[in-house]
Each structure stands twice: as C-alpha cells, then as structure tokens.
K.L.:
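Quick one: this structure, given as structure tokens, is what I'll be asking you about.
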Protein chains: 2
Amino acid sequence: MDRDFPHDDTTADTAERILAVAERILAVAERLFGQRGYSGVSIRDIARAAGISKANVFHHYASKQALYEAVLERSASRFHALLESLADHQREAAELLEDFSRRHLRNMLERQDALSLYVRHLLDAASEDQGTAAEAILERTYDVLVERFAALQRQGKLAGHADPGVLALTLVGSHLVYVLGRKVLQQRAVPAAERFSKTLIRQLLDGVAAGPRAGGQDQSDRQ
Amino acid sequence: MDRDFPHDDTTADTAERILAVAERILAVAERLFGQRGYSGVSIRDIARAAGISKANVFHHYASKQALYEAVLERSASRFHALLESLADHQREAAELLEDFSRRHLRNMLERQDALSLYVRHLLDAASEDQGTAAEAILERTYDVLVERFAALQRQGKLAGHADPGVLALTLVGSHLVYVLGRKVLQQRAVPAAERFSKTLIRQLLDGVAAGPRAGGQDQSDRQ
DNA sequence: CCAGCGACCGACCGATCGGTCAGTGAATGC
DNA sequence: GCATTCACTGACCGATCGGTCGGTCGCTGG
C-alpha cells in the first residue's frame, strides 16, 4: 500500500522505531533490574529480552551505569507524576487519606518492578554516600505527605498532637511491607489491597487503644 | 606460656581457629551480601575481606549459593532469638508495644547489613516462586505480632475493631521505612529512634483523627 | 547519483566470574 | 615412625562479564 509514498510512512515508522528501541531498552531494563538488581542483570540479558544486539544497547546508552541511571530517572519521573495528583483536594481527612492510600498502594502493586528497583537502589545507596537523583522519590513523597498532613492539622481535621513526619513514614511503610510481604504472607488471611487501605486508614485515624479514653468498645462502622 | 603443654593450648586454639574461619566467612559474607547483594559480591571479595584464599571459602562452603543460604540461616536464627524475648510479658498495651517497637527498631538499626540482606532476599524471592527458609522471618514476625495483638484484644487492652494483621504490618513497615529512609531523610527533622518509637506507638494507639468521634479533642495522656 | 549519517550487528578484547585440583604442611592415631 | 587427615593455598579452567571495533544497510540532503 502507498507504494508512491513509502517514505512518509516508513520515515515516521522508523523514527518511532528508533524511539521505540531506546524506550524498549528502558522498559526491559527496568523490569530486569527490578527483578534481579543491577549486578544480577547483564547487558546481554537486556539485549536478548529486547530482541536486539548487545552492541545496540551500547549504541543507545554509553555504559551499563548510564543505562541504569536513565532507568532510575524514568522511574522517578513517573512516580512523581502520581504524587502531583494527590495534594490538591479539599476533602475530609478520612476521605483524603483513604484515597491516597488506595492510589499509592495500587501504584506500588501495578509497578512492582519499579518499586523493587527503587528499594534496591535505596539499599545500595545506604552503604555508600552518594546522592543520585532517584532517591529523591522518598524525599519527595515524604515532603508532600508531611505538608499535606500539616495542612490538615491546621484545618483542625487532624489531631494537634499528631506528628506529620511519623504519620507519613507509617503510611508509606505500611504500604511497602504490604507489597513486599504480600507473597510471603499470602497463606495468611491478609486482606486485599482495597480493604487493607480502608482498615489501615481507619486504624490510623481512630487508633487501636481499647477505648477507655472516651467511648466504649462499640464499633459503629462495621460492614 | 605453658611451654610444656603447648599442644593443649594449640589444639584448642586450632579448633577455635577453624570455627573462627568458618564463622568469619559467614560474618564477612553477611556484611558484603547485605551491602551489595548476592551477585554484587564475588567469592574473591569475601576471601579478601576475610583474609583467606578463595579456595578456602570453597573448602568450608560447597558453593556460593550454599554460603549465601548459610548466611541467611544464621541471620534468620539470630533474628528469631530477638522475637522470642518479646511475647512473654503481661503488661499494658502501650508499654508492651512501645517496648517492642524500641527493641525491634534498635535491632534493625544495629544490624543493618542483616536487614538489607533480608530485604534483598525478599525482593529476589518476589520474582521467583521458591520458598527458602529465610523468608520465614517475616512470617514469623507477623505471626508473633498478630498472636500477641489478638491476645491483647481478648484481654480488652486493644480495641475490638482493630485488625491485628494490619496493625502488625503497620508497625513493621514503619520501622522498616524509618531505617531505610533514615539516611535519605536525615536533613529533614526525623526524630531519633527512641522518640520515633514513642510517637509511633502513641499515634497508633490514640489515632490521629481530630477527635470528633466520641469525646471532645481532649487528649488526657499528654506528658 | 552519491556522499554521509546513524541505527544496528557479529566478532572480538581483557578482566573477572564460580569452581576445581594437585599439592603443602601441621596435627593426629596407631 | 609412619600413614592418615584436614585446613589451606596457588595455579588453572571454561564461561561470562562490560565494552570496543570494523563494517553493513537503509535513509537523506545536496
């Protein structure tokens, strides 16, 4: 078809294909690095999984380290996009927290390779002293959550004695362990993600103390 | 000294030295595997760090994989020892939780290499389907905590609507993220470990909601 | 039509990997 | 005193690592 203008089609197709190769390398590398770690993956593995030659990987990325950093950067920017969509609502604390928890948890579950990659990177960075751009994910998440919690506190929607920083770590940590431990603990009765978010937020908001503080042990919202 | 019986001394010393070599390999391997991951560490690295020849490592451990599993096992048993000391008190919920949080967090901080090793192992296991003995750490921690929380609940020291499983994940997750993020977030005002435990437990028990549920926003226990 | 460019590949490089093996030297049992 | 045992080593193996190089091929601007 379009024998007269194969160029247009082919040109765009080629251009796309070029981008597609670089992008496909990134995608494949993210998956493999996430699953097996930096030194657990060879350039040959990546090339094989992407269906190209090993030399071609070096044609698009100067070195394995450069490719790794490109993967981290891509991963980080994608994660930031999620965070942006969080902090601009004006709802009740319970609703907002539950919504964030659900989104954050779902994102972690959907993009487990990226999450693994990031956790691995944190572990690697823990025994060095460099600060690559990627670990800004945690800083960023922390900052956004802390700011948001502080705002809720100012609006009187959160207890005055609450510590936004500790609360942020609790929230993120609960999600992380849920995802990390999901497979190991699957024979236990670990709730599904949606239900976990709901239960988690309710417990964080209301506390788990026996209830000698105010009311009895009646739980109003049980469905 | 003891020139007449250098044998006794030397014998015991040699026997100790043999044990010491195997043990030193384990210790060194735990540190290196924890810092750089399984495939990021070569037998040569381990031998060099332990001050022995590479072949000697293979003399004590059949393969790199076998050494790795021995390290995991040793790490796991040490961790279990910590857990045992947890579940046998008869105190108030706040006191017990805070004590566990403090211990658990301190243990994580003191043995970061083992923690890193374990998290890495969890990440590796996540993309496979085998179940080595080491990931039983999480199962075990989870089970002990859940059982303990359920007991507290039966005693009426914990709210009836609390979910022991979610609470366990929250507690462990908060600790994990605290340790993992401690370095990255150190320029933020992240509290010291002791203070973090205290704040964390108080928030988990009392909740962070503004206080509209039952009573006013008076918090009785503020010291 | 053709010179140049860039995506892409096969073959190759030195280094390092996990693992083996023949041997050494000191202690032990008989 | 002699054979055995065993912790331990240096030298070596094939495989694989990250990375390079010379070259092919298809497209494009002049």
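For clarity, every value in this text was computed on a predicted model and none was experimentally measured. Order of the sequence lines fixes the chain letters, A, B, ..., with proteins taken first and strands second; residue numbering starts at 1 for each chain.
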K.L.:
Give a yes/no answer on whether the side chain of A:N56 brings an N or O atom under 4.0 Å of OP1 or OP2 in C:dA7.
P.N.:
no

K.L.:
Rounded to the Å, how far apart are A:R36 CZ and D:dC17 C1'?
P.N.:
14 Å

K.L.:
Are there more than 12 heavy atoms of other residues, nucleotides or ligands under 6.0 Å from atom CZ of A:R188?
P.N.:
yes

K.L.:
Consider the side chain of B:F58, meaning its heavy atoms from C-beta on, and name the nucleotide among C:dC8, D:dG18, C:dG18 that approaches it most closely.
P.N.:
C:dG18

K.L.:
Between B:Y61 (OH) and D:dC8 (C1'), how many Å, whole number?
P.N.:
15 Å

K.L.:
Would you say the side chains of B:S75 and B:E30 form a donor-acceptor pair under 3.5 Å?
P.N.:
yes

K.L.:
Tell me which residues in residues 38-53 of chain B put a heavy atom below 4.0 Å from DNA chain D, sorted by number, or none.
P.N.:
B:I52, B:S53

K.L.:
Looking at B:D124 and A:R120, does any basic side-chain N land under 4.0 Å from a carboxylate oxygen?
P.N.:
yes

K.L.:
Could you walk me through whether A:S116 and A:Q35 pass the side chain to side chain donor-acceptor pair (under 3.5 Å) check?
P.N.:
CA-CA 7 Å; A:S116 294; A:Q35 287 172 353; over 6 Å; no

K.L.:
For a quick test of reading the model: is some side-chain N or O of B:H60 closer than 4.0 Å to OP1 or OP2 of D:dC6?
P.N.:
no

K.L.:
Of A:A55 and A:H59, whose nearest nucleotide on DNA chain C comes first from the 5' end?
P.N.:
A:H59

K.L.:
Under 3.5 Å, is there a donor-acceptor pair linking the side chains of B:H121 and B:Y38?
P.N.:
no

K.L.:
When you check the gap from the basic side-chain N to the acidic O, do B:D45 and B:R48 get nearer than 4.0 Å?
P.N.:
yes

